[in-house]
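Working notes, structure below.
In what follows, chains carry the letters A, B, and so on, assigned in the order in which the sequence lines appear, proteins first and then strands, with residues in each chain numbered from 1.
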Amino acid sequence: MDINKSVSEALKNVKAKNPLVHHITNYVTVNDCANVVLAIGGSPVMADDISEVEDMVSIASSLVLNIGTLNSRTIESMIKAGKKANELKIPVILDPVGAGATPFRTETALKIINSVKLAVIRGNSSEIKTISGITAKTKGVDAGKETLSKEEALKLGKNVAEELSEKLGSVIAITGKTDIVSYKNKTYFIENGHKMLSKITGTGCMCTSLIGSYLGANENYHLSAIAGIVSMGIAGELAYNIISKRHGGSGNFKIELLDAIYNLSSSNIIDRAQIR
Amino acid sequence: MDINKSVSEALKNVKAKNPLVHHITNYVTVNDCANVVLAIGGSPVMADDISEVEDMVSIASSLVLNIGTLNSRTIESMIKAGKKANELKIPVILDPVGAGATPFRTETALKIINSVKLAVIRGNSSEIKTISGITAKTKGVDAGKETLSKEEALKLGKNVAEELSEKLGSVIAITGKTDIVSYKNKTYFIENGHKMLSKITGTGCMCTSLIGSYLGANENYHLSAIAGIVSMGIAGELAYNIISKRHGGSGNFKIELLDAIYNLSSSNIIDRAQIR
Amino acid sequence: MDINKSVSEALKNVKAKNPLVHHITNYVTVNDCANVVLAIGGSPVMADDISEVEDMVSIASSLVLNIGTLNSRTIESMIKAGKKANELKIPVILDPVGAGATPFRTETALKIINSVKLAVIRGNSSEIKTISGITAKTKGVDAGKETLSKEEALKLGKNVAEELSEKLGSVIAITGKTDIVSYKNKTYFIENGHKMLSKITGTGCMCTSLIGSYLGANENYHLSAIAGIVSMGIAGELAYNIISKRHGGSGNFKIELLDAIYNLSSSNIIDRAQIR
């Protein structure tokens, strides 16, 4: 079966199974994450107190850990919930928001990675490179970025993702203009999306929550990561098409983005997904 | 005076008195709760630190307690604020979000109920049944749901609500396809609303905040609960009418819902309320 | 150069420099604050744990401290981040949300003011008066408000702002129907805005975040405060123009407000700013 068709089947599974997606996430984008899970066909639940995270994850289909506004209280909850999910074979996705920006974030991301077996890690290029422990090298790469061709940069990203995937046994997704989604030595590149997605807060978090929704309804982690990213990308394109006709800005874009995810169909995916 | 007319008068009181509605609530839907209170004509204030909740509730017209993302810090604040509100005869509404989903939530809901005299408790069927302590029976009821006619299910809900109301002296509101609002042995059923309301997060919380707004401007707690639920239901119908014409999704629905509450008029209520 | 032209240049600087604006803020309006910073051309980052606030502010261009939902954990973080910002000459703006409403808020606002050198303080009339320590006198002023002409009230506000500015060395912005922005003995009055801005939550917070964005890209603190307030005011006027044509409410107003900030142009400012 071709990959676009597989993604469209994965979407049908989300709508059919209505997975409960437990989030321990930040207070900036949490409302958007909940709404995007509902829009794609899942059910979100947000609970972060250490007294209940094990009970909550036990009734969930997947667990989303997002360190956007981490603090000492919620880090412990994340690890406790993650371990319980591992025990129950419930897939866990980590969004290491801002890893590399402060030592606290980098250390926390690594602490979670070392404590919890992750189905998927989704981050941007610098977050994933930080986690890979190649910060020093990364700086070199970033500095030299302008001299790298697009294909050279993707090849570098692919190497980082594949090595980290091999090491952790997790799907590694690096999102950006071209998304890189690797599981061990198999990598897909995705070309969907629109630069307007960077003009509203939380599109990264929402993408992670979409992957969490797919993980809760599909066996294949690699496919789930691809499906979440493609869904966000296509929704971004559709939303931009609508607002560009009326000279809209980021306010209307966000609303149309949620509508596009709500209305996302198998044929949208089959027609528009650009995965190679 | 017929009940639709009474509800429309209650709405006028909110707009005339502009009640200050103190919330101790979750971080998922808090922004929507604040906006819905403003839209109906109240003034929201959110404050949860134990050092200030007594002072804040003292200047408020009503208090909303919502355990959506409860944690040990805010539970103590809820109880302290609730006791102060009782002392000052300020009405308190509890939204026991997720009671039954984890023992921590169930215990917290019961702890609040045992510590604070509540004007209204609003929850869905399983939350209210959990509070009633009939979890075991509830499971049986749920299992047997398919064999119950709609009227039989409503009769069961009515019994649960009336018994709990009698026991606690609070108005009990069970929201769902048909809403059940009981005070002691008097029950109203409400048929407003649209299933699209379940496709965005926070419509339950927002409904609670609307009831909180009515409580802050009206003496009659039973009427306030009915008015909040009817307002949300009618707004859902009006919002769906608008988005269905343009194939909109959950993003636009949420925006139109807030607009509908903002523009809600006495004649909307008199024409559309379905209360029996 | 005339002031409207200066504000339009300040806007260009934000778009050119894309300042990173570190926020320690409340969980009610945080998403809107992030989106408004992105819309004007900055980059928001929200981080409040004491383990990372110094590292985060060190890579930021400005710091926004907002006590909307203050608690003991975040107050310490605010002061630590503020002191670090002072050390690094990064401008800090304080939004003393609710100062005067509870002693805890008043004391916290004063604690921050006494610990951190502030570039700007933005609040409403009662918040700024509370900080000025003229609560008692303020009550008298409020009581007598109806007998004061508009010009007398503005003169009083100007005196409060100028005295506080002289004392603290900070720009003092009192927002309201007419905004008052003082630095030492120089005061500007701004007449932009629309009363609909008071019908959604967070327009004060968003205004503070806009000023934070201007501070991160401009040397002149007084100009930055004026520019943030004018931007919010003009966006409110433009948003209201759009929704009034279709009988919209507060839901659509909020969306159009964000769009208006996103699309705000130099010519919008030059044509519409009402600063004297």
Side-chain angles (χ1 to χ4, degrees), chain A residues 18 20 22-60 69 71 73-74 77 81 200 206 209 235 238-239 242-243 251-265, chain B residues 25-35 46 48 66-76 97-109 111 124 126 195-206 239 242-244 246-259:
Chain A
N18 183 229
L20 184 68
H22 179 194
H23 287 66
I24 304 178
T25 188
N26 69 76
Y27 58 80
V28 184
T29 65
V30 58
N31 185 269
D32 297 327
C33 290
N35 276 323
V36 92
V37 169
L38 282 163
I40 199 85
S43 287
V45 66
M46 278 64 183
D48 66 22
D49 195 87
I50 199 141
S51 308
E52 70 167 346
V53 290
E54 289 184 309
D55 293 319
M56 195 59 94
V57 79
S58 300
I59 58 170
T69 52
N71 63 60
R73 186 176 70 79
T74 50
S77 296
I200 57 171
M206 285 187 254
S209 292
L238 296 169
I242 290 173
I243 66 146
N252 275 293
F253 179 73
K254 180 176 164 181
I255 301 308
E256 295 300 334
L257 182 69
L258 201 58
D259 268 26
I261 290 167
Y262 183 84
N263 289 321
L264 195 69
S265 65
Chain B
T25 187
N26 69 77
Y27 57 79
V28 183
T29 65
V30 58
N31 184 268
D32 298 328
C33 289
N35 276 321
M46 278 64 183
D48 65 24
N66 174 312
I67 66 168
T69 52
L70 77 180
N71 63 60
S72 45
R73 185 177 72 78
T74 50
I75 295 166
E76 292 313 309
V97 183
T102 67
F104 183 55
R105 283 175 187 254
T106 304
E107 286 156 21
T108 300
K111 194 175 171 189
N124 63 30
S126 74
K195 66 183 175 187
M196 192 78 191
L197 286 163
S198 66
K199 294 298 182 182
I200 58 171
T201 193
T203 48
C205 303
M206 286 187 255
I242 290 172
I243 66 145
S244 62
R246 55 189 199 218
H247 308 288
S250 50
N252 274 293
F253 179 73
K254 181 176 164 181
I255 301 308
E256 295 301 335
L257 182 69
L258 202 57
D259 268 25

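- We find the CG-OG distance between B:N71 and A:S77 to be 9.0 Å, quoted to the nearest 0.5 Å.
- Counting heavy-atom pairs closer than 4.5 Å to chain B, the top-ranked of the candidates A:D49, A:D55, A:L258, A:I59 is A:D49.
- Heavy atoms closer than 4.5 Å to chain A are found in the backbone of B:S198, but not in its side chain.
- For B:L70, the parts sitting under 4.5 Å from any heavy atom of chain A are the backbone and the side chain alike.
- In terms of heavy atoms, B:T69 sits closest to A:M46 at CG2-O, 3.9 Å.
- With a 4.5 Å cut-off on non-hydrogen atoms, B:I200 touches chain A through its backbone and its side chain both.
- For the side chain to side chain contact (heavy atoms under 4.5 Å, CB included) criterion with B:K254, the lone passing option out of A:I255, A:N31, A:D259 is A:N31.
- Summarising the geometry, atom OG1 belonging to A:T25 is positioned 7.5 Å from atom OH belonging to B:Y27; distances are rounded to the nearest 0.5 Å.
- Among B:D32, B:V28, B:I243, the residue making the largest number of heavy-atom pairs under 4.5 Å with chain A is B:V28.
- Ranked by non-hydrogen atom pairs under 4.5 Å with chain B, the options A:N35, A:T29, A:L257, A:I261 are led by A:N35.
- Considering all non-hydrogen atoms of both residues, A:Y262 and B:G249 come closest at CD2-CA, 3.4 Å.
- Neither the backbone nor the side chain of B:N26 comes within less than 4.5 Å of any heavy atom of chain A.
- Nearest heavy-atom pair, A:E52 versus B:T102, reported as atom, atom and distance to 0.1 Å: OE1-OG1, 2.7 Å.
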